[in-house]
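Each ligand, and each atom within it, is numbered from 1 in the order the structure gives. Worth knowing before you read on, the calculation uses all heavy atoms, side chains too, and leaves out hydrogens, waters and symmetry mates.
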Amino acid sequence: MTERTLVLLKPDAVKRRLIGRIISRLEDKGLKVVALKFMQMTHDQAENHYSVHRSKPFFKDLVSYITSGPIVAMVLEGPKAIEVVRLMAGSTDGSKAQPGTIRGDFSMGIEKNIIHASDSPEAYSHEMPIFFNESEIVEWSYGDEIIY
Ligand code: CMP
């Protein structure tokens with residue numbers, strides 16, 4: 001079933017000039033970009049985005065980190081997109097993430113872990129409107145779609 005997921009390339013990915021390489025991996029897999037934005041998150045957006053972690057001891061640092069520099073926000077579409085991107089991202093802690101995953105290949109940290117991806121349809125519904133209006137999501141077709 002085709003679904004959508006919200007993906008962020010975090011400030012460490014941008015500062016390390018990894019935007020292109022990570023988007024290439026996601027496109028190579030077969031995910032379609034249907035919205036894309038380069039931006040700096042506000043404090044309010046960050047607190048809202050990470051509201052499920054509000055009670056965690058790392059919440060304050062997480063908000064200050066994600067607002068510390070520009071990010072890339074995107075909506076990707078594809079069959080089981082949420083599960084597929086989570087698998088590609090790898091374990092949250094980059095030092096434990098499998099080589100071959102994005103975090104496994106590019107991160108040694110748990111805070112500076114390169115990428116965020118929605119972990120459920122409910123999370124997508126909460127996260128996506130923080131970054132995009134519904135009208136900014138473009139329905140389009142490659143014209144040579146692979147039959148999944
Ligand atoms: P992300 O997928 O963006 O979702 C929540 C983020 O919280 C997670 O990636 C990590 O960057 C961060 N995080 C999770 N656990 C910890 C932790 N124990 N210490 C610091 N940051 C954490």
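The side chain to side chain contact (heavy atoms under 4.5 Å, CB included) test with L9 is passed by exactly one of I19, I102, I114: I19.
Distance from atom 4 (O) of ligand 1 to its nearest protein heavy atom, with residue and atom name: Y50 CE2, 3.6 Å. When only non-hydrogen protein atoms are considered, atom 2 (O) of ligand 1 lies nearest to R103 NH2, 3.2 Å.
With a 4.0 Å cut-off on non-hydrogen atoms, K112 does not touch ligand 1 at all. Counting heavy atoms closer than 4.0 Å to ligand 1, residue I110 contributes atoms from both its backbone and its side chain. Proximity of T92 to ligand 1, defined as any heavy-atom pair under 4.0 Å, is confined to the side chain (atoms from C-beta onward).
Around atom 13 (N) of ligand 1, the closest heavy atom drawn from Y65, F58, F59 belongs to F58. Considering only non-hydrogen atoms, atom 9 (O) of ligand 1 lies nearest to K10 out of H53, E111, K10, E127.
Heavy-atom contacts of L62 reach the following atoms of ligand 1: 6 (C), 7 (O), 11 (O), 12 (C) (cutoff under 4.0 Å).
Checked by atom type and distance alone, the side chain of N133 never pairs as donor or acceptor with a backbone atom of S135 at under 3.5 Å.
Of the inter-residue distances, the one linking K37 atom NZ with L8 atom CG reads 12.0 Å to the nearest 0.5 angstrom. One finds the CD1 atom of I23 at 11.0 Å from the CG atom of L18 (value rounded to the nearest 0.5 Å).
Relative ring orientation between F58 and H53 is described as tilted, the plane-to-plane angle lying within the 30° to 60° band.
No side-chain donor-acceptor contact under 3.5 Å links E122 and H126.
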